[in-house]
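The block underneath contains the structure these notes are about, expressed in structure tokens.
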2 protein chains.
Amino acid sequence: MSRRSGILEFAVLGLLRESPMHGYELRKRLNTSLGVFRAFSYGTLYPCLKALVANGWLVEETSGAPEDVPATTLTGRRAKIVYRLTPAGKEHFEELLSHSGPDAWEDEHFGVRFAFFGQTSRDVRMRVLEGRRSRLEERLEKMRTSLTRTRERLDDYTLELQRHGMESVEREVRWLNELIESERAGRDQRAPEAAAQDEHNQSGDTGGPPRHRGGSRLDPSE
Amino acid sequence: MSRRSGILEFAVLGLLRESPMHGYELRKRLNTSLGVFRAFSYGTLYPCLKALVANGWLVEETSGAPEDVPATTLTGRRAKIVYRLTPAGKEHFEELLSHSGPDAWEDEHFGVRFAFFGQTSRDVRMRVLEGRRSRLEERLEKMRTSLTRTRERLDDYTLELQRHGMESVEREVRWLNELIESERAGRDQRAPEAAAQDEHNQSGDTGGPPRHRGGSRLDPSE
DNA sequence: TTCGTCATGTAATGGGTTACATGATTAC
DNA sequence: GTAATCATGTAACCCATTACATGACGAA
């Protein structure tokens, strides 16, 4: 049971690890901080929270009324329900963080995984980045061959769409290349200690993300 | 009834307009020509085809056995089922093509709409392109403000993710700008006849897509 | 006092996948 | 003769949305 979505569960646990929140706020964070990718509705979020509570990964805390009001009482005054990560929940999240299987670099998952790279160990980060890159590269390969095979049968618009799509993927590959490179550089210069560890090292924090992307192009001009 | 998906229905009708096909082939075209965006499974495609037949927009033709074998007979020899667009289906597709409402430029729909721009009238093309552009621009606006509001609370990775996401959107906007520009140029130089027409002009074909993107960057090097 | 936003939920529905079941045709 | 791919379908499930219902709180 509780084969709940994965991605939402992951994101919720990750956000709650930073600080307790109630559902409404959680949803906003989901759609801004991590957002761009996915906008979850309450109809998804609240049932998910319930399930996480049922699993013992979260606890509900009713702010305001300290003890005796059950919070879920119908018709009684409704209180905000603040969700807090339990130790078991934290453990579970770290367990999830340590996985780097194929599903970690598929389209839907990759973004969220990346968003929590700050909490992820360096070697898992590397595996996920490289996994995604090779995923994209094989996709590129497929696009290229299918493009040359069907070349003449497609009109200009379809062709242009194809071209733009390929360029987008190529662009993401370049992005990944830069990230991987700076991850590699970061490891070399700062951490030979955590090198050959394979068991999930819970307590030890990652040590802070490397300052990747030397020549940042964030400048808000344009 | 038949509030089937929209996007699949649209793509199927569009592909079958070019030439009759059976389901299997249809699906491959869906995932290559138009693909990149969406991969439909048979569990989606075949029921959809049945529904389109029920609507009178397609007819099934059994290749091989000309007349008396019902094709859907169980245990009988199974024949390929070729689907062909009916006149009603063609009419319906053109009706769909002429719509340029907000759902035409949302993420899921835009790609498919664009793929059939070859069959779309120039003014609808313009509306869709401009609609998408302003959609993306308002999204950019939201991202920018949410970025400056929460700036310091985000770690490097989240920030980088955000930055890359914004850059992707900006890139698509630039792409749209080019397309819109060349559409505009194309209209000026070739067709003052179809200018101020607002009713959907069914019969009249578009007259062929303009050779947009003068300096093509398709070169397969790199 | 009303409007907007905060806040929590549920039931119906939608749109799609996975896994399964079946069989024909082609290439080796 | 057997493996791969072509080819068609169904049932069970999954994830999420929509629309709805409820209500608190602050500002105009």
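Residue numbering restarts at 1 for every chain, and letters A, B, ... go by the order of the sequence lines. The shown structure was predicted, so the numbers you read here are calculated from the model rather than taken from an experiment.
Look at CD on A/E9: it is 11 Å from P on D/dA16, rounded to the nearest Å. The CG atom of A/D103 sits 13 Å away from the P atom of C/dT18 (whole-angstrom rounding). Straight-line distance from the CG atom of A/L30 to the P atom of D/dA16: 11 Å, rounded to whole Å. Spacing between atom CZ of B/R29 and atom C1' of D/dC6 amounts to 17 Å, rounded to whole angstrom units. Computed from coordinates, the B/L45 CG to D/dC6 P distance equals 15 Å when rounded to whole Å. Distance A/L52 CG to C/dT8 P: 15 Å, rounded to the nearest Å. Atom-to-atom, CD1 of B/I81 to C1' of C/dT22 comes out at 14 Å; the value is rounded to the nearest Å.
Counting any heavy atom pair closer than 4.0 Å across all strands shown, B/G23 reaches sugar-phosphate atoms only and no base atom.
Distances from the side chain of A/Y42 to the nucleotides C/dG9, D/dT8, C/dA7 place C/dG9 closest. Residue A/F40 has its side chain nearest to D/dT17 when only D/dG9, D/dT17, C/dT18 are considered. For A/Y24, counting side-chain heavy atoms from C-beta on, the closest listed nucleotide (C/dA7, D/dA7, C/dG16) is C/dA7.
A donor-acceptor distance shorter than 3.5 angstrom exists from the side chain of B/R125 to the backbone of B/T120, with no hydrogens or angles considered. Panel note: side chain A/T62, backbone A/I81; no donor-acceptor pair is recorded below 3.5 Å.
Dashed line: the shortest gap from a side-chain N or O of B/Y46 to OP1 or OP2 of D/dG9 is not under 4.0 Å. Residue B/K80 places no side-chain N or O under 4.0 Å from the OP1 or OP2 atom of D/dC6. Within the structure, a side-chain polar atom (N or O) of A/S41 is placed less than 4.0 Å from OP1 or OP2 of D/dT17. In terms of phosphate contacts, B/K28 brings no side-chain nitrogen or oxygen within less than 4.0 Å of OP1 or OP2 of D/dT5. The phosphate of D/dC15 (OP1 or OP2) has no side-chain N or O of A/T44 nearer than 4.0 angstrom.
In terms of position on DNA chain D, the residue among B/G43 and B/H22 whose nearest nucleotide sits closer to the 5' end is B/H22.
Salt-bridge annotation for B/E170 and B/R144: present, with a side-chain N of the basic residue lying under 4.0 Å from a carboxylate O of the acidic one. Under a 4.0 Å N-O distance rule, the pair A/E25/A/K28 does not qualify as a salt bridge.
Note: B/F110 and B/F117 have perpendicular aromatic rings, judged against thresholds of 30 and 60 degrees for the angle between ring planes.
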